[in-house]
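No experiment lies behind these values; they were computed from the predicted model shown. All values below were derived from every heavy atom in this structure, side-chain atoms included, with hydrogens, water molecules and symmetry-related copies excluded.
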Amino acid sequence: MILQKKKEGGRLAKFTQKANINLRFNILTVLIYIIGIILIVKLFSLQIVHGAEYREQSNTRLTRESTLEATRGAILDKTGVPLVTSKMEFSLEMYKSKVDNDTLNIAILNMIQILEKYQISYVDSFPISFHPFEFKISEETLTKWKKSNRIDENMTAEETFYQFRDKYKIQNTTNIEEIRKIIAIRYELVQKGYSSTRAVTIAQNIPREAVAEFSESSDKFAGINIVVQPVREYTSGTLASHILGYASQISSTEYEERKSTYDQNDIIGKTGIEAIFEEYLRGKNGTKQIDMNVDGSTTAEYISKEAVSGSDIVLTIDANLQKITEDALASNIQKISGGGFGKAYNAKAGACVVMNVNSGEVLAMASYPDYNPADFVGGISNENWAKYRDDEAKPLVDKAIQNSYSPGSIFKMVTAIAGLESEAINLNTRINDIGQYKKYGITMNCWYYTDYHRGHGYLDVSGAIEKSCNYFFYETADRMGIDQLVQVAKYFGLGGKTGIELQGETSGVLASQESKRKMHSDSPNWNPGDTLNASIGQGDNEFSPLQMAKYISMLANGGHKIEPTIIKTIRNADGSEVSKEEINQFVDRKLGIAEEKIEDITIRQEYLNAVLQGMNSVTSDSGGTAYVRFKDFDISVGGKTGSAEAPGNKVHAWFVGFAPFENPEIAIVVMVENGGHGNYTAEVVRDIMEEYFGMNTQNVEEDMSAVPYVQIFN
């Protein structure tokens with residue numbers, strides 16, 4: 001009985017267990033069916049209901065970042081007049097897209113047809129031409145080029161051409177000219193390393209009509225993108241070109257050095273203010289996200305990071321005064337070379353500096369001949385580069401700061417101050433100029449010594465400056481020696497860089513025992529004749545016009561030191577200004593300027609007065625060397641002429657001046673290479689002073705319609 005019950009209980013348990021298994025199986029089966037139904041419904045929704053929408057989305061899932069270029073900062077004159085700005089232009093660039101060679105080559109040919117239709121130049125650095133086939137580079141460069149492009153060194157230009165055709169699989173045309181155009185673009189893309197995220201600029205300054213045509217037929221141009229880019233604009237042509245400098249596309253060398261912060265298509269300052277203040281002018285680029293189809297066409301774009309405009313550089317120069325200075329200098333050089341003062345001299349170049357005597361601010365600075373910075377925007381043409389390169393007057397050199405010249409007689413004020421300070425002479429000293437200075441077995445003539453007259457006779461220091469008497473300064477220098485002369489010259493900044501915020505400034509040369517040992521290893525010992533030569537601004541003495549402007553300013557302001565500057569301020573995009581201390585530290589680092597300790601000298605005012613009185617006599621007394629240029633001038637001027645002998649039988653012409661004599665405001669220095677006589681160049685100073693002091697202004701009426709300048713920050 002008991003056994004029977006156990007058997008029945010076992011059968012019941014097995015039945016229950018089997019029932020539970022069946023239930024779980026049925027539930028699992030139902031779940032599988034439900035999931036299957038859901039998947040089928042979802043697939044139906046994906047493929048049928050929303051198929052077109054999702055297919056379109058899948059085509060745009062390729063996203064790339066594009067640089068949103070910051071607007072480069074402007075360069076302004078002291079009154080806010082813009083000298084350099086940026087304008088917005090369309091550029092055409094190409095990205096790598098997922099298309100075959102045939103499609104890409106056809107797209108390139110279509111693109112070129114539109115560019116040529118609107119006469120738009122495009123990149124072409126492929127060094128092979130046809131009709132006849134020939135290489136367009138030198139033999140040395142060709143060898144390197146073949147090696148870098150894995151071309152057999154014995155291949156002819158024609159063989160190389162067709163190798164590139166096969167390499168790029170150009171099969172859509174048999175026209176050699178069209179093949180050459182496609183190769184040029186493909187070659188550029190490879191050289192610049194384009195990819196789906198890195199574009200290569202093909203053409204710039206695209207007119208709106210061409211932009212519209214590209215946009216209307218975008219499906220024909222795989223990987224092509226039209227972008228808006230800021231382009232440098234030099235609003236006043238050649239005005240202040242050496243000061244402003246120019247900006248152009250970054251070179252391969254510059255890119256390698258700065259690839260962490262620059263792109264290969266970026267613009268970078270090359271010379272002048274554009275180069276020195278590149279870090280401030282450049283601004284900070286933004287980022288734009290671009291969605292594309294797989295064929296490279298753009299479907300959407302949006303800005304993910306705004307660009308920040310570069311800072312504006314405000315100069316100390318006045319645009320109107322700068323123009324007058326440049327015009328006066330050019331006119332004077334042309335007059336000298338044309339024989340306008342009697343004898344014609346082969347004068348082709350010169351420089352002029354106008355400086356505030358108290359602050360050291362440069363109000364105008366000209367170098368002749370000049371150049372047009374706009375020629376370098378987008379890359380200078382071979383024709384223009386050859387013109388600048390081959391011009392013997394060297395228009396790309398800033399002669400105001402980068403060249404140094406023998407100063408001649410305009411150095412004599414240094415000798416006078418040094419003689420007085422050393423007590424070699426005093427205010428009552430009178431030296432008898434007998435025409436020829438004979439000592440140490442040498443004979444040196446005063447310029448006044450001729451067959452018709454001997455010397456100037458007895459002169460004090462003021463009279464010696466008025467007459468520019470060589471004899472007086474020979475004797476003064478001989479009495480005091482070279483070391484005292486060097487000490488005073490250094491105090492006035494001669495023989496050392498001024499620290500102006502421009503690249504390439506020369507230190508010049510101050511004639512001294514040290515300089516002779518460095519420059520004349522064959523005869524390094526200093527002798528008395530060297531001292532005599534140095535006293536009248538000859539010998540090894542060579543200074544830039546800017547150095548001379550600092551020196552004359554210090555004479556005029558009472559002997560106080562000044563630091564020449566051409567930067568008024570820097571204005572950031574947010575409206576704040578950079579401190580002068582930060583600007584100075586930045587410039588010192590950029591130019592590698594180390595502070596040079598110059599011994600201070602306290603020049604007695606009566607000594608300065610005597611020297612300045614002599615300079616006033618140069619322009620106001622009938623015997624002065626520049627009296628004829630200023631005899632009817634309404635403002636009293638202190639001045640000095642200089643005619644410095646230079647290699648090649650040249651005579652550089654100088655004139656230095658300051659005004660008003662009673663309370664000096666400005667100093668002006670002008671130098672003309674091979675200008676003959678300093679008296680000739682005095683006309684430039686007179687014309688500039690007339691402008692500065694408003695002597696040319698007549699019947700001025702205020703223009704109430706003028707719109708005030710307001711800087712707009714992006």
Side-chain angles (χ1 to χ4, degrees), residues 91-97 99-195 198-207 210 213-214 217 219-226 249 252 264-265 296 378-386:
S91 294
L92 184 147
E93 59 185 22
M94 286 192 73
Y95 284 89
K96 193 170 187 177
S97 56
V99 296
D100 58 33
N101 278 290
D102 278 346
T103 304
L104 177 58
N105 292 335
I106 291 172
I108 288 173
L109 199 54
N110 290 336
M111 173 190 71
I112 290 174
Q113 288 172 350
I114 292 181
L115 292 176
E116 292 182 344
K117 174 182 176 180
Y118 292 96
Q119 298 181 335
I120 304 167
S121 60
Y122 51 86
V123 293
D124 184 354
S125 59
F126 185 60
I128 299 177
S129 60
F130 60 95
H131 295 325
F133 283 103
E134 59 183 1
F135 293 107
K136 299 189 294 181
I137 49 181
S138 67
E139 287 295 328
E140 181 181 355
T141 306
L142 178 59
T143 301
K144 295 178 181 178
W145 181 80
K146 282 186 173 181
K147 185 176 180 180
S148 64
N149 286 276
R150 299 179 180 179
I151 297 169
D152 187 288
E153 61 180 10
N154 296 317
M155 267 194 167
T156 65
E158 183 175 3
E159 290 170 339
T160 305
F161 178 87
Y162 284 111
Q163 180 169 314
F164 272 94
R165 180 201 63 179
D166 297 339
K167 176 182 178 180
Y168 298 139
K169 295 181 171 57
I170 302 174
Q171 302 170 347
N172 55 295
T173 179
T174 58
N175 184 296
I176 293 180
E177 186 173 358
E178 291 183 346
I179 293 173
R180 171 66 178 72
K181 292 174 182 178
I182 296 172
I183 289 176
I185 301 300
R186 294 289 300 269
Y187 176 78
E188 189 75 18
L189 296 176
V190 172
Q191 293 299 308
K192 292 293 180 65
Y194 89 128
S195 66
R198 173 178 286 182
V200 171
T201 300
I202 303 299
Q204 297 175 312
N205 196 17
I206 310 293
E213 197 160 338
F214 278 117
S217 307
D219 57 323
K220 295 168 56 180
F221 309 107
I224 288 177
N225 187 37
I226 300 291
Q249 186 169 349
S252 57
Q264 58 190 351
N265 294 320
I380 189 168
S381 67
N382 290 333
E383 181 182 359
N384 280 337
W385 176 247

S.K.: Quick one: pull up OH in Y95 and CG in L189 and give me the separation to the nearest 0.5 Å.
M.R.: 12.5 Å
S.K.: Compare every heavy atom of A222 with every heavy atom of S97, then report the nearest pair and how far apart it is.
M.R.: OG-CB, 3.8 Å
S.K.: Between N384 and I380 (side chain of the first, backbone of the second, donor and acceptor by atom type, cut-off under 3.5 Å), is there such a pair?
M.R.: no
S.K.: For Q249, check side-chain contact (heavy atoms from CB on, under 4.5 Å) against everything at least two apart and list the hits.
M.R.: K192, N265, I267
S.K.: Between T141 (side chain) and I137 (backbone), is there a donor-acceptor pair under 3.5 Å?
M.R.: no
S.K.: Does the side chain of E116 come within less than 4.5 Å of K181's, by heavy atoms?
M.R.: yes
S.K.: Quick one: does E93's side chain get under 4.5 Å of V200's, heavy atoms only?
M.R.: no
S.K.: Please confirm whether the backbone N or O of N172 pairs with a side-chain atom of D102, one donor and one acceptor, at under 3.5 Å?
M.R.: no
S.K.: Under a 4.5 Å cut-off applied to non-hydrogen side-chain atoms, are T201 and L92 in contact?
M.R.: no
S.K.: Measure from the side-chain N and O atoms of N105 to the backbone N and O of Y168, and report whether any donor-acceptor pair falls under 3.5 Å.
M.R.: yes
S.K.: Distance-only, no hydrogens or angles: does the E159 side chain make a donor-acceptor pair with backbone N or O of T156 under 3.5 Å?
M.R.: yes
S.K.: Is it the case that S125 and E188 place a side-chain donor and acceptor less than 3.5 Å from each other?
M.R.: yes
S.K.: Give the intermediate values and the outcome of side-chain contact (heavy atoms from CB on, under 4.5 Å) for residues L142 and K147.
M.R.: CA-CA 8 Å; L142 178 59; K147 185 176 180 180; over 6 Å; no
S.K.: Indicate whether any N or O donor in one side chain lies under 3.5 Å from an N or O acceptor in the other, for Q204 and S91.
M.R.: no
S.K.: For the CD1 atom of I170 and the OH atom of Y162, what is their distance to the nearest 0.5 Å?
M.R.: 11.0 Å
S.K.: Taking the side chain as everything from C-beta on, heavy atoms only, tell me whether L115 gets closer than 4.5 Å to I206.
M.R.: yes
S.K.: Check whether any side-chain heavy atom of E134 sits under 4.5 Å from a side-chain heavy atom of I128, and report yes or no.
M.R.: no
S.K.: Going by the rule salt bridge (Lys or Arg N to Asp or Glu O under 4.0 Å), which residues pair with E158 if we only count those two or more places apart in sequence or in a different chain?
M.R.: none
S.K.: Where do K146 and F135 land on the side-chain contact (heavy atoms from CB on, under 4.5 Å) test, with the steps shown first?
M.R.: CA-CA 11 Å; K146 282 186 173 181; F135 293 107; 3.7 Å; yes
S.K.: Could you tell me if the ring centre of F164 sits under 6.0 Å from that of F126?
M.R.: yes
S.K.: Tell me if a side-chain donor or acceptor on D152 pairs with a main-chain N or O of N154 at a distance below 3.5 Å.
M.R.: yes
S.K.: Aromatic ring centroids of F214 and F221 under 6.0 Å?
M.R.: yes
S.K.: Would you mind reporting whether I179 and F130 have side-chain heavy atoms less than 4.5 Å apart?
M.R.: no
S.K.: Does the side chain of Q171 come within less than 4.5 Å of R165's, by heavy atoms?
M.R.: no
S.K.: Look at R180 together with D124 and state whether they make a salt bridge at an N to O cut-off of under 4.0 Å.
M.R.: yes
S.K.: Of the non-hydrogen atoms in I108 and I182, which two are nearest, and what is the gap between them?
M.R.: CG2-CA, 4.1 Å
S.K.: Atom CE in M155, atom CZ in F161: separation rounded to 0.5 Å?
M.R.: 13.5 Å
S.K.: Quick check: do N225 and M94 have side-chain heavy atoms less than 4.5 Å from each other?
M.R.: no
